[in-house]
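For reference, the structure is listed below as C-alpha cells.
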Amino acid sequence: MTRRAGVIGVLTAGGDCPGLNACIRGVVGRAVTDHDVEVVGIRNGWEGLMRGHTLPLTRDSVRGIIGRGGTFLGTSRADPYVHGDGYESVRRTIEANGIEALVVIGGDGTLRSALRLAEEGLPVVGVPKTIDNDIAATDITFGFDTAVQIATEAIDRIATTAESHNRVMLVEVMGRTKGWIATYAGIAAGADAILVPEEDVDIEEVARVLRTRHRHGHTYSIVVVAEGVRPPGGVGGGVAMHGLDAFGFERLGGVAYQLAPLLEELTGFETRVTVLGHVQRGGTPTAFDRVLATRFGAAAADLAVGGQHGVMVALHGTRLVAVPLADACAEIRGVDPELFGVARTFFG
Ligand code: F6P
C-alpha cells in the first residue's frame with residue numbers, strides 16, 4: 001500500500017480491558033511495517049491529548065506486549081467535551097505532532113466523543129473495545145471473551161461451595177447497561193437464573209424458580225446478576241451508593257447485596273453474594289481477544305493511513321468492515337432475545 005499519511009496517533013480511553021496492548025501493537029505493526037508511517041502514542045486517553053502527553057511508538061516499543069493485560073499507554077475517563085473545549089482542547093497536540101489521523105480505541109463514551117470530534121473536523125478512526133460488548137454496529141468487542149472466561153471460571157468455583165453448603169449464591173458481574181457478560185457466563189456455567197438490565201427484575205419469579213428447583217431436590221442455586229440491574233421498588237441500585245464517574249456514568253457495583261435479602265426472605269434459603277468486579281477486566285487476554293484486537297488494530301491503521309475517517313472497525317460474521325462512527329454510537333447494543341431465550345430454557 002502506498003504511504004498516504006505521515007503520522008498517525010493512537011489512544012486508549014475509558015475503562016481498560018484485556019486486548020488493548022494487542023490492539024496498539026496491531027496499529028503500530030501495520031502502520032510502520034506495511035505503510036512506513038510513524039505512530040505517536042497518546043498517554044492516558046483524552047487527558048494526554050488535551051495536555052500534550054505523547055510518545056513515539058516503534059515496532060520495538062510494542063514487542064512482547066500482545067499477552068499483557070491493561071494498556072501500556074494508560075487510560076482515563078477524561079473527556080474533551082466535559083473537561084475541555086472539544087476540538088479546541090486537543091488541536092494543539094494534534095498539530096504539534098503532525099497527526100494526520102487518530103486511532104481511538106474505546107467504549108461507548110469514548111466513541112461518542114470521537115464522533116463529536118470527527119464532526120468538528122478531526123480525522124478519527126474508532127476501534128470498539130469493552131468487556132461489556134455493548135457497542136452497536138459490530139458483532140463483538142475485544143475484551144468480552146476474556147471477561148466471560150474469567151466470570152465462567154469464577155461461577156464454576158462458586159457452584160461447588162454453594163453445593164457443599166446448600167446455599168443460594170448471587171454472582172454479580174459487570175455490565176453497565178446491558179447483560180452480555182451475565183448471559184454468556186450464565187449460560188456457560190449453567191446458571192439457574194440470570195438477571196440483566198434489559199429486563200425488569202421480577203424477584204417473586206426468581207424466588208419461585210429457586211423454590212421449585214429446591215423442591216426437586218437441588219439444594220443449591222446460582223443466580224448471575226449484571227451490575228446494572230435495577231432492584232425492585234426503583235431504588236437506585238449501586239448508583240445511589242457510588243455516584244458518577246468522570247464521563248458522567250453511574251459507578252455501579254453491589255446491587256446483588258440489595259437483592260440477596262429479598263430473595264432470602266421470599267425463599268427461606270441462605271443467600272450469599274460474590275461481586276466479581278475488576279478481576280473481570282484484569283490480566284492476560286484470551287487467544288480470541290488477542291487475535292481480534294490485533295486484527296482491529298491493523299485494520300484501523302489501514303483506514304487511518306488510507307484517509308477513510310469518521311468510521312469504526314467492526315466484525316460482521318468473520319469479516320472486518322468499516323462502519324460509520326455514527327452507527328456505532330446510535331444505540332447501546334443489548335443482548336439478543338434469542339440468546340437470552342437459550343439461557344432461560346435452563347433456568348431452575
Ligand atoms: O464499561 C466497562 C465497565 O467495565 C462497566 O461494566 C463498569 O461499570 C465500568 O466499566 C467500571 O469502570 P471503572 O473501573 O472506571 O469504575
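In listed order, ligands and their atoms are each counted from 1.
- How far OG1 of Thr54 is from CG of Leu73: 10.5 Å, rounded to the nearest 0.5 Å.
- Geometrically, Arg116 engages Tyr81 in a cation-pi contact defined by less than 6.0 Å to the ring centre and at most 45° from the axis.
- Checked against the 6.0 Å centroid threshold, Tyr184 and Phe144 count as a close aromatic pair.
- In summary, of the residues considered (Arg213, Arg211, Arg208), a salt bridge (Lys or Arg N to Asp or Glu O under 4.0 Å) with Asp192 occurs for Arg213 alone.
- No side-chain N or O of Thr219 forms a donor-acceptor pair with one of His214 less than 3.5 Å apart.
- Phe142 does not carry Arg290 over the face of its six-membered ring by the limits of under 6.0 Å from the centre and within 45° of the normal.
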Give a table of atom pairs where an N or O of ligand 1 lies under 3.5 Å from a protein N or O.
unit_1: ligand 1; atom_1: 1 (O); unit_2: Asp132; atom_2: OD2; d: 3.3
unit_1: ligand 1; atom_1: 4 (O); unit_2: Arg281; atom_2: NH1; d: 3.2
unit_1: ligand 1; atom_1: 6 (O); unit_2: Asp132; atom_2: OD1; d: 2.8
unit_1: ligand 1; atom_1: 6 (O); unit_2: Asp132; atom_2: OD2; d: 3.0
unit_1: ligand 1; atom_1: 6 (O); unit_2: Gly175; atom_2: N; d: 3.3
unit_1: ligand 1; atom_1: 6 (O); unit_2: Glu227; atom_2: OE2; d: 2.8
unit_1: ligand 1; atom_1: 8 (O); unit_2: Glu227; atom_2: OE2; d: 2.6
unit_1: ligand 1; atom_1: 10 (O); unit_2: Arg77; atom_2: NH2; d: 3.3
unit_1: ligand 1; atom_1: 10 (O); unit_2: Arg281; atom_2: NH1; d: 2.9
unit_1: ligand 1; atom_1: 12 (O); unit_2: Arg77; atom_2: NH2; d: 2.8
unit_1: ligand 1; atom_1: 12 (O); unit_2: Arg281; atom_2: NH1; d: 3.0
unit_1: ligand 1; atom_1: 14 (O); unit_2: His278; atom_2: NE2; d: 2.6
unit_1: ligand 1; atom_1: 14 (O); unit_2: Arg281; atom_2: NH1; d: 3.2
unit_1: ligand 1; atom_1: 14 (O); unit_2: Arg281; atom_2: NH2; d: 3.0
unit_1: ligand 1; atom_1: 15 (O); unit_2: Arg77; atom_2: NE; d: 2.9
unit_1: ligand 1; atom_1: 15 (O); unit_2: Arg77; atom_2: NH2; d: 3.1

